Amino acid sequence: MTRVSLSRLPGERVRAVDGGTDREVPVSDLPAYVTAREAEAPRWVWDDTARWYPSLLAAGVRVQRCHDLRLGHHLLRRAPAVDGRLLAGEESEHWDRLGPSARSDPALFSIDDTAEHLRADLEDARQLAAVAASPEATRLELLLAAESSGALVAAEMTFAGVPWRLDVHERLLTDLLGPRPLRGTRPQKLQALAAEVRGAFDAPGLNPDSRPELLAALRRAGLEVTDTRASSLRALEHPGIGALLRYKQLAHLFSTNGWAWIDEWVSGGRFRPSYQPAGSSTGRWSSNGGGALSFPLQVRPAAVADDGWQFVVADVAQLEPRVLAGMSGDRALARSARGADLYQGMVDDGAVASRTDAKLGLLGAMYGATSGASGRMVADLTRRYPAAFGLVEEAARAGEQGQVVRTLLGRGSPDLGDAWDRDADDPPADPDSQARLRRAYGRFTRNFVVQGTGAEWALCWIADLRNRLWRLGATGTLTSRPHLVFFLHDEVVVHTPAALAEAVAAQAAEAAATAAGLLFRDLSIDFPLNVSIVRSYADAGKPGLTAEPVAPGASRPQT
DNA sequence: TATAGCAGCGCC
DNA sequence: AGGGCGCTGCTATA
């Protein structure tokens, strides 16, 4: 497969290094150039997918595969199995400093002029050499390919957007809050609740949004509270608490996903959040706009497929415990993982008395719980699943000793020094706080290996699904075929013509099996999906709606 | 007046 | 003393 590297040159020109030929093309020729080459399926190599791909998508071009040098550099720099010296060279310090390009302003990508016109071909050669020299070359190649595919998916999802019914969202807001208020004022129903709270606590001037004021009012009413969290308030006995809790819930809806959110993030009937692949240190994506990481249940009814289309919503049941079983090669846990419910599998295997205990113990092991019911379950289960629990325990010990850990495919954790830089201005002096930090870092590395490998599984899943979806639609542009519109850690939403919904659901399951094979080979870990075929995202996961396989044609849109 | 930090909430 | 995120408003600080 050929590699074509693209670099921006000063002015409206692009350097394309193509099988050894170095040529300049005008930016305006780029979509045509990319399309012409796509038939030969090269890998497009560029500094940042988010910088190049949106305009190509707008021009109707779908890129089949790419290598994202920014993501690659970041990854290889921290990969324990890579010799960092091989990444050094001309302009390499600029690649070290490169951050993600901004969602709305690609100009922010640059740190300075040099960074804006980095030579992609030079960096590409270094990365190829660094990988080739690594004893983990095969796994790193898979990881880099998955990471870059993820970047393509992210750009495509932002381009496509989640179908969004403004009327549904606004009706929902009006029903709960009243008509849209003037800027800077509370909506009617929120205002009324605030008045009710003031009355109940006999605090005429109270602003319920102010923590100190609210705490003072609660204390005056004889309630012993130290914070104003809903979970703390729920335990209190007072006639005003109900109104206060309702106020808090609606105030959150108003400020987080109210009219201002619509103005900012919904356009042309689509919600377009922006994604940042590998935005978190574990390799999970983050989001720097639109709040894609917390797509609240309250507003999901507004996500409605187009007429004649449906959503296929698929999520993995207990992704991380399954990943832990796979990466540790724990045969007992792998056996419990056969079937749709891993926790129930643990009960059926006689490892634990109840599903709740199974969950407590497993999550406790992955998060580093040391006390309470969770901590006790960890101790019990360690005897039953020594390989799995040993793996996270070892990762925790490594972290406590200041060592770097890695995911299955070779992503390295940030080192303890970075963690200190992040958390404290001064290097911790006294032994106590140093020990505390080391334990905190140990909990982080413990979770890193599982969460990070889970992220790798998910990347392989969506990368393969992306290709399958493209093949499923015989013709047409990206958004006239089945296409991904949302991804969050272990869940995807595909927008598809209704007639293809069943096929999409099958492809999602096939892609999950492919991902499992790529990461865990012959260990054959099950990754069962919960799949819903729905018109509205809010209906996903509800039993009964899609429990029975739907005959093709039976799943036509309802109104 | 602008900004950083925190609390609280949402998601996995 | 359970991991990872982002967003909002309030609060303190300069």
Side-chain angles (χ1 to χ4, degrees), chain A residues 103 184 186 207-215 225-233 244-245 247-258 260-261 264-265 273-300 315-321 323-324 359-375 377-378 392 395-396 399 405 407 413-414 419 422-423 425 432-433 435-455 458 486-492 537 541:
Chain A
R103 162 185 57 88
R186 289 195 182 95
N207 169 15
D209 292 328
S210 162
R211 246 170 308 128
E213 284 184 38
L214 185 57
L215 268 181
V225 278
T226 54
D227 62 76
T228 63
R229 261 172 280 173
S231 58
S232 307
L233 298 180
L244 178 54
L245 287 171
Y247 175 86
K248 285 177 76 81
Q249 193 197 1
L250 290 180
H252 188 257
L253 171 67
F254 173 58
S255 62
T256 308
N257 293 102
W261 181 88
E264 176 93 22
W265 297 109
S274 83
Y275 300 90
Q276 204 181 114
S280 102
S281 60
T282 58
R284 274 189 176 182
W285 292 14
S286 66
S287 150
N288 53 9
L293 266 69
S294 54
F295 198 144
L297 293 167
Q298 266 188 308
V299 298
R300 288 190 190 185
D315 70 79
V316 189
Q318 306 104 24
L319 172 61
E320 287 174 0
V323 162
L324 176 58
K359 194 171 176 175
L360 273 176
L362 216 35
L363 293 180
M366 292 188 295
Y367 291 153
T370 55
S371 63
S374 187
M377 289 315 304
V378 172
V392 286
V405 296
T407 61
S413 61
R422 228 188 20 242
D423 292 345
D425 325 54
D432 271 4
S433 55
R436 220 177 3 255
L437 273 173
R438 284 179 178 281
R439 280 196 300 273
Y441 185 67
R443 283 192 301 278
F444 168 68
T445 52
R446 169 195 292 274
N447 186 255
F448 178 93
V449 293
V450 182
Q451 186 185 122
T453 306
F486 190 68
F487 165 63
L488 182 57
H489 307 323
D490 63 357
E491 176 171 8
V492 295
Y537 191 12

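The structure displayed is predicted, hence computed values, not measured ones. Labels below follow one simple rule: chain letters A, B, ... track the order of the sequence lines, proteins then strands, and each chain is numbered from 1.
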(message) On a heavy-atom basis, which atom in A/Phe448 and which in A/Val405 lie closest, and how many Å separate them?
(response) CD2-CG2, 3.8 Å
(request) Please report, rounded to the nearest Å, how far the P atom of B/dC12 is from the CG atom of A/Leu363. (result) 14 Å
(message) Checking A/Ala435 now: which residues fulfil side-chain contact (heavy atoms from CB on, under 4.5 Å) with it, not counting sequence neighbours?
(response) A/Arg439
(request) Return the set of residues passing ring-ring contact (aromatic ring centres under 6.0 Å, His included) with A/Phe295 (not counting sequence neighbours), or none when no residue passes. (result) A/Trp164, A/Phe271, A/Phe486, A/Tyr537
Below 3.5 Å is the cut-off: list the nitrogen or oxygen pairs between protein and nucleotides 9-11 of chain B, distance only.
unit_1	atom_1	unit_2	atom_2	d
B/dC9	OP1	A/Ala230	N	2.6
B/dC9	OP2	A/Ala230	N	3.3
B/dC11	O4'	A/Leu293	O	3.4
B/dC11	O2	A/Leu293	O	3.4

(request) Using whole Å, report how far CG of A/Asn257 lies from C1' of C/dG6. (result) 12 Å
(request) May I ask you to say what A/Arg284 touches in the nucleic acid, namely base, sugar-phosphate or nothing, with a heavy-atom cut-off under 4.0 Å? (result) base
(request) Please report, rounded to the nearest Å, how far the P atom of C/dG3 is from the CG atom of A/Leu362. (result) 17 Å
(request) Return the set of residues passing salt bridge (charged side-chain N to carboxylate O under 4.0 Å, His left out) with A/Glu491 (not counting sequence neighbours), or none when no residue passes. (result) none
(request) Only counting residues at least two apart or in another chain, list the ones meeting side-chain contact (heavy atoms from CB on, under 4.5 Å) with A/Ser255. (result) none
(message) In this structure, how many angstroms lie between the P atom of C/dG2 and the CZ atom of A/Arg446, rounded?
(response) 11 Å
(request) Could you check how far OH of A/Tyr275 sits from C1' of B/dC12, rounded to whole Å? (result) 14 Å
(request) Estimate the overall bend of the helix from B/dT1-C/dA14 to B/dC12-C/dG3 from the end axes over five pairs each, rounded to 10 degrees. (result) 10°
(request) Scan nucleotides 9-14 of chain C nucleotide by nucleotide, 5' to 3', and note B when protein non-hydrogen atoms come under 4.0 Å of the base, S if they reach only the sugar-phosphate, - if neither. (result) BSS---
(request) Using the test side-chain hydrogen bond (donor to acceptor under 3.5 Å, both in side chains), find all partners of A/Ser210 that sit at least two apart in sequence or belong to another chain. (result) none
(request) Starting at atom OH of A/Tyr441, determine the distance to atom C1' of C/dG4, rounded to an integer number of angstrom. (result) 15 Å
(message) If the condition is salt bridge (charged side-chain N to carboxylate O under 4.0 Å, His left out), which residues does A/Arg300 pass it with, not counting sequence neighbours?
(response) none
(request) For A/Arg211, enumerate each residue passing the salt bridge (charged side-chain N to carboxylate O under 4.0 Å, His left out) test, keeping only those at least two apart in sequence or located in another chain. (result) none
(request) Grab the two heavy atoms, one from A/Asn447 and one from A/Met366, that are nearest each other, plus how far apart they are. (result) ND2-O, 3.2 Å
(message) Applying a 4.0 Å non-hydrogen cut-off, can you work out what A/Asp227 is touching in the nucleic acid: base, sugar-phosphate, or nothing?
(response) sugar-phosphate
(request) Using whole Å, report how far CD of A/Gln318 lies from P of B/dC12. (result) 14 Å
(message) The criterion is side-chain contact (heavy atoms from CB on, under 4.5 Å); which residues satisfy it with A/Ala251, sequence neighbours excluded?
(response) A/Leu190, A/Asp209, A/Tyr247
(message) Can you list everything that forms a side-chain contact (heavy atoms from CB on, under 4.5 Å) with A/Ala455? Sequence neighbours excluded, please.
(response) A/Arg284
(request) Figure out the CD/C1' separation between A/Gln276 and C/dG6, and round it to whole Å. (result) 11 Å
